[in-house]
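Worksheet for the structure shown next.
Only a predicted model underlies this, so the values are computations on that prediction, with no experimental measurement involved.
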Amino acid sequence: MQFIDQVEVQVKAGDGGDGLVAFRREKYVPAGGPSGGNGGKGGSVIVRATERLQTLLDFRYKHLFRAENGKRGGPNNRTGANGADLVLEVPCGTVITNVETGEWVGDLVENEQTLVIAQGGKGGLGNQHFLSNKNRAPDYALPGLEGEEGLFRLELKLLADVGIIGLPNAGKSTFISVVSAAQPKIANYPFTTLIPNLGVVRKPTGDGTVFADIPGLIEGAAEGIGLGHDFLRHIERTRVLLHLIDSTEPDIFAVYNTIQQELVAYGKELEHRPQVIGLNKMDAVDRSEDWQAIAHSLQEYTGFPVFLLSAATQTGIQEILQTIWQMLDQPPHPLTSL
């Protein structure tokens, strides 16, 4: 399945039906008078969030959506039928923006949450509404109003509590495959993860916590280099960032700084989000080095807790998860609701 997380759609709500000019001509009603009914209301375009969808793939090849027009009014004061609303289903976590005005329209984060993005036009009045003492036979009616239309950007931001970040090949996919039922592609070369992967990790209490494995960041990702920039939006809602560093890298401090600079450059103050750092792949490092001292130095340098682990051998996993649970028990960071 393709992972599509940003699309633009042109929508048009239905126009209101026209009012009708008509007169009663029954045999036993000598002064029949006007009887033209009102036009029906045009259908609106509604966006609805659903847990059944994980991507915006449904909008990949179709970009124009129209709701049904209202029907014309009928004789004998009958109102025309309303046009059917058009409901567009999107994944939970979809942000909607008006492309033409730049206005933020809404953020659908809960299952079955709805938002009207284009209101249907009102139906026109039939000639029955213009009857008066001065005008006993009005021969005019009003046309229906046009429905709203616009160009909207649908942008998916995954709903995850923990975002796993790091350079390519840092072991992020292996980690999420170990702690959850997610089955991402894993290989010994960079950029094996081409789309974000979600996994539900069970806490000791039995509650599920959603982890998001974000494709590897590289230097310049915030400017569009590599894959990371396209997916940085998916850690905007996370409450905790798990930063995995390949311990076999020659300079782990430089690796940390590279990722941190990209978080700063992205411009959403992600660098202030609580982090846990994991020095991964400890099964492949030089054991002659004092890794406890290295971890302590990195912790003093970053101000974040640092753990030694090996996702491949599942060593140190529980310790780092325990710290994440404790962080999640704290009040949410104010920026995680963006």
Quick one: pull up CG in D107 and CD in E110 and give me the separation to the nearest 0.5 Å.
10.0 Å

The single option from V45, V11, V99 passing side chain to side chain contact (heavy atoms under 4.5 Å, CB included) against F152:
V11

Is the closest side-chain heavy-atom distance between L309 and L279 below 4.5 Å?
no

Are any side-chain N or O atoms of N280 and backbone N or O atoms of A170, one a donor and one an acceptor, separated by less than 3.5 Å?
yes

Does anything in residues 313-329 pair up under salt bridge (charged side-chain N to carboxylate O under 4.0 Å, His left out), and if so which pairs, sequence neighbours excluded?
K203-D329

Do E236 and Y266 get their side chains close enough for a donor-acceptor pair, meaning under 3.5 Å?
yes

Heavy-atom closest pair, residues W291 and M282
CG-CE, 3.5 Å

Taking all non-hydrogen atoms of both residues, which atom of G199 and which atom of S180 are closest, and how far apart?
CA-OG, 3.5 Å

In sequence, state the C-alpha distance, the side-chain angles, and the governing distance for T209 and F211, and then conclude on side-chain contact (heavy atoms from CB on, under 4.5 Å).
CA-CA 6 Å; T209 301; F211 282 56; 3.8 Å; yes

Would you kindly confirm whether V116 and L108 end up in one hydrophobic cluster when ILVMFWY residues are joined by side chain heavy atoms under 4.5 Å apart?
no

Check for a donor-acceptor pair, side chain of T302 on one end and backbone N or O of L298 on the other, with a separation under 3.5 Å.
yes

salt_bridge(R66, E149) N-O dist < 4.0 Å:
no

Identify the heavy atoms of K281 and N169 that sit nearest to each other, and give their distance.
NZ-O, 2.6 Å

Is there side-chain contact between L167 and I259, with at least one heavy-atom pair below 4.5 Å?
yes

For R237 and G93, work out which heavy atoms get closest and say how close.
NH2-O, 3.0 Å

Mark yes or no for whether R239, through its side chain, and Q330, through its backbone, hold a donor-acceptor pair below 3.5 Å.
yes

Is the backbone of K41 close enough, under 3.5 Å, to the side chain of N82 for a donor and an acceptor to pair up by distance?
yes

When rounded to the nearest 0.5 angstrom, what is the spacing between OG in S44 and CD in E68?
12.0 Å

Taking the side chain as everything from C-beta on, heavy atoms only, tell me whether L263 gets closer than 4.5 Å to L241.
yes

Could you check whether any side-chain N or O of T94 sits under 3.5 Å from a backbone N or O of P91, counting only pairs where one atom can act as donor and the other as acceptor?
yes

Determine the minimum heavy-atom distance between V178 and Q314, stating which atoms define it.
CG1-CG, 3.5 Å

Judged by modelled atom types alone, do Q292 and H296 share a side-chain donor-acceptor pair under 3.5 Å?
no

If you count every heavy atom of other residues, nucleotides or ligands that lies below 6.0 Å from Q326 atom CD, does the total exceed 12?
yes

So does G36 get a backbone contact from the side chain of N127, meaning a donor-acceptor N/O pair under 3.5 Å?
yes

Matching residue for V90 among V95, V7, V9, V47 - test: side chain to side chain contact (heavy atoms under 4.5 Å, CB included)
V47

Looking only at atom types and distance, does a side-chain atom of Q10 sit under 3.5 Å from a main-chain N or O of G150, one as donor and one as acceptor?
yes

How long is the straight-line distance from CG of L270 back to CD of Q275, given to the nearest 0.5 Å?
9.5 Å

More than 12 foreign heavy atoms under 6.0 Å from CD of E155: is that the case here?
yes

Do you know the tightest heavy-atom contact between T174 and A311?
CG2-CB, 3.7 Å

For the CD1 atom of I164 and the CZ atom of F175, what is their distance to the nearest 0.5 Å?
5.5 Å

Would you indicate whether the side-chain heavy atoms of I96 and R153 approach each other to under 4.5 Å?
no

Give the ring-plane orientation class for Y301 versus F253, where under 30° counts as parallel, over 60° as perpendicular and anything between as tilted.
perpendicular

Note: D85-R48 ion pair, threshold 4.0 Å (strictly below)
no

Polar side-chain atom of Q113 near backbone of V109 as donor-acceptor pair, under 3.5 Å
yes

Within a 6.0 Å radius of atom NZ on K122, are there more than 12 heavy atoms belonging to other residues, nucleotides or ligands?
no

So does G37 get a backbone contact from the side chain of N77, meaning a donor-acceptor N/O pair under 3.5 Å?
no

Are H63 and E8 packed together at the side-chain level, in the sense that at least one heavy-atom pair is separated by less than 4.5 angstrom?
no

Within the 4.5 Å heavy-atom criterion, are I324 and V162 side-chain neighbours or not?
yes

Run the numbers on D58 and E89 for side-chain contact (heavy atoms from CB on, under 4.5 Å), then give the verdict.
CA-CA 9 Å; D58 290 349; E89 290 195 327; 5.9 Å; no

Do you reckon F23 sits in the same ILVMFWY cluster as L142, going by side-chain contacts under 4.5 Å, direct or chained?
no

Could you state the interatomic distance from OG1 (T238) to CZ (R273), rounded to the nearest 0.5 Å?
5.0 Å

Would you say the side chain of L86 lies within less than 4.5 Å of the side chain of I46, judging by non-hydrogen atoms?
no

Consider only side-chain heavy atoms of I, L, V, M, F, W and Y, link residues closer than 4.5 Å, and tell whether L145 and L125 are in one cluster.
no

Check the pair Q6 / L56 against side-chain contact (heavy atoms from CB on, under 4.5 Å), numbers first and verdict last.
CA-CA 7 Å; Q6 188 171 1; L56 294 169; 5.6 Å; no

dist F307:CZ -> Q318:CD (nearest 0.5 Å) comes out at 12.0 Å

For the pair T50 (side chain) and L53 (backbone), establish whether a donor and an acceptor sit closer than 3.5 Å, ignoring hydrogens and angles.
no

Would you check, one step at a time, whether the test side-chain contact (heavy atoms from CB on, under 4.5 Å) holds for S35 with R24?
CA-CA 6 Å; S35 64; R24 298 181 65 180; 3.4 Å; yes

All side-chain contact (heavy atoms from CB on, under 4.5 Å) counterparts of T248, not counting sequence neighbours:
D246, A284, V285

Would a 4.5 Å heavy-atom cut-off, applied to side chains only, mark F130 and P34 as touching?
no

